[in-house]
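To start, the structure under review is shown below, and the notes come after it.
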Amino acid sequence: MAHPRQVVVLLAAIAAVACLASLASATQWMVGDNAGWSPKFNESGWTDGKKFAVGDTLKFMYGKDAHTVARVGKDDFAACNLQGNQLGFWDSGSDVVQLNSTGKMWFICTKPGHCLNGMKLVIDVQDGASAPGPSPSPDSSAPVSYAAGGALAAAGAALVAAAALAF
Ligand SMILES: *[C@@H]1O[C@H](CO)[C@@H](O)[C@H](O)[C@H]1NC(C)=O
Ligand SMILES: *[C@@H]1O[C@H](CO)[C@@H](O)[C@H](O)[C@H]1NC(C)=O
Ligand SMILES: [Cu+2]
């Protein structure tokens with residue numbers, strides 16, 4: 001049987017690994033990579049193959065005063081409506097936007113003509129739990145403990161089954 005202190009150490013190790021894994025899985029996406037947030041953004045294919053997850057962030061880099069970032073609704077995005085309801089607005093030239101919930105997020109630049117010129121971005125944010133990432137490998141002592149626990153459980157089940165057959 002595992003000593004209680006070993007169990008505590010094992011649980012602490014599992015918690016630490018889980019904590020590190022959750023930190024490692026948050027991604028900061030540099031919008032447009034080196035080209036940044038720029039006109040005709042929607043023709044760059046930047047979102048192709050990317051999986052955005054809750055907890056990730058988008059970083060918009062651009063010349064301050066040259067562009068802006070506004071989060072808008074689907075219809076205002078489609079129509080490039082600069083006077084619609086804005087769900088968020090950034091204009092520092094180096095903006096970090098948190099992806100707080102699942103679903104689509106629509107962004108446009110509000111400088112006149114820019115959205116019509118394709119300066120727009122839509123992403124689909126997925127549940128963070130399903131985001132792909134390296135699966136943590138527990139420290140070397142953990143599998144042994146799991147195996148021992150599994151063996152004990154199997155032995156217990158076998159005893160119960162044997163007892164049930166015997167009576
Ligand atoms: C995400 O949540 C944080 C903390 O509540 C908030 O400050 C931020 O504005 C939110 N981001 C968006 C894009 O809604
Ligand atoms: C980019 O946006 C412009 C303006 O809204 C639109 O006319 C064009 O079809 C879009 N192109 C792509 C590839 O989405
Ligand atoms: Cu712009």
Side-chain angles (χ1 to χ4, degrees), residues 9-147 150:
V9 169
L10 178 60
L11 289 178
I14 291 170
V17 168
C19 189
L20 281 174
S22 69
L23 281 177
S25 67
T27 302
Q28 179 164 97
W29 300 96
M30 182 66 71
V31 175
D33 299 315
N34 291 337
W37 175 231
S38 51
K40 296 198 188 297
F41 186 86
N42 68 338
E43 288 167 18
S44 69
W46 179 76
T47 57
D48 293 354
K50 291 189 169 65
K51 286 216 156 124
F52 303 95
V54 172
D56 290 356
T57 52
L58 294 180
K59 185 160 192 181
F60 290 85
M61 296 289 289
Y62 53 92
K64 182 172 166 52
D65 300 329
H67 305 290
T68 67
V69 179
R71 185 182 167 207
V72 298
K74 183 183 185 184
D75 293 343
D76 290 335
F77 176 88
C80 284
N81 181 10
L82 308 183
Q83 266 74 52
N85 180 38
Q86 293 180 352
L87 307 170
F89 182 80
W90 299 263
D91 65 355
S92 77
S94 175
D95 309 321
V96 175
V97 176
Q98 292 176 289
L99 310 185
N100 290 342
S101 52
T102 57
K104 292 199 170 170
M105 292 176 84
W106 294 272
F107 300 94
I108 62 173
C109 174
T110 61
K111 293 292 182 184
H114 288 209
C115 178
L116 287 172
N117 196 27
M119 197 162 176
K120 57 204 299 190
L121 163 68
V122 55
I123 61 168
D124 195 359
V125 182
Q126 319 272 320
D127 194 333
S130 65
S135 51
S137 55
D139 71 13
S140 57
S141 68
V144 174
S145 301
Y146 288 141

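The side-chain hydrogen bond (donor to acceptor under 3.5 Å, both in side chains) analysis of residues 107-116, with sequence neighbours excluded, yields the pairs His67-His114, Thr68-Thr110.
Remark: Asn34 CG is loosely packed, at most 12 non-hydrogen atoms of other residues, nucleotides or ligands lying under 6.0 Å away.
Annotation: side-chain contact (heavy atoms from CB on, under 4.5 Å) contacts of Asn42 (sequence neighbours excluded): Lys120. The side chain to side chain donor-acceptor pair (under 3.5 Å) check on Trp46 picks up Asp33, with sequence neighbours excluded. Looking at residues two or more places apart in sequence or on another chain, you find a ring pair (Phe, Tyr, Trp, His ring centres under 6.0 Å) between Phe107 and Phe60. With sequence neighbours excluded, the residues satisfying side-chain contact (heavy atoms from CB on, under 4.5 Å) with Gln83 are Asn81. In this view, Cys115 and Cys80 satisfy the disulfide (SG to SG under 2.5 Å) rule, not counting sequence neighbours. Annotation: ring pair (Phe, Tyr, Trp, His ring centres under 6.0 Å) contacts of Trp29 (sequence neighbours excluded): Phe52. Listed by chain and residue number, Gln28, Met30, Met61, Ser94, Val96 satisfy the side-chain contact (heavy atoms from CB on, under 4.5 Å) test with Lys59 (two or more places apart in sequence, or in another chain). Partners of Asp75 by side-chain contact (heavy atoms from CB on, under 4.5 Å), not counting sequence neighbours: none found. Here Ser38 pairs with nothing under the side chain to side chain donor-acceptor pair (under 3.5 Å) rule; sequence neighbours left out.
Nearest heavy-atom pair, Ala26 versus Gly55, reported as atom, atom and distance to 0.1 Å: CB-O, 3.8 Å. Annotation for Asn117 and Pro39: closest pair ND2-CB, 3.8 Å, computed over non-hydrogen atoms.
A heavy-atom distance below 4.5 Å is not found between the side chains of Val54 and Gln126. Within the 4.5 Å cutoff, the side chain of Leu87 has no heavy atoms near those of the Val72 side chain.
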Could you go through residues 98-106 and list every donor-acceptor pair under 3.5 Å that involves a side-chain atom there, pairing it with any protein atom two or more places apart or in another chain?
none

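Asp124 contributes atom CG, which lies 10.5 Å from atom NZ of Lys51 (distance to the nearest 0.5 angstrom).
Each of Ile108, Val69, Leu58 was checked for a side-chain contact (heavy atoms from CB on, under 4.5 Å) with Leu121, and the lone residue meeting it is Leu58.
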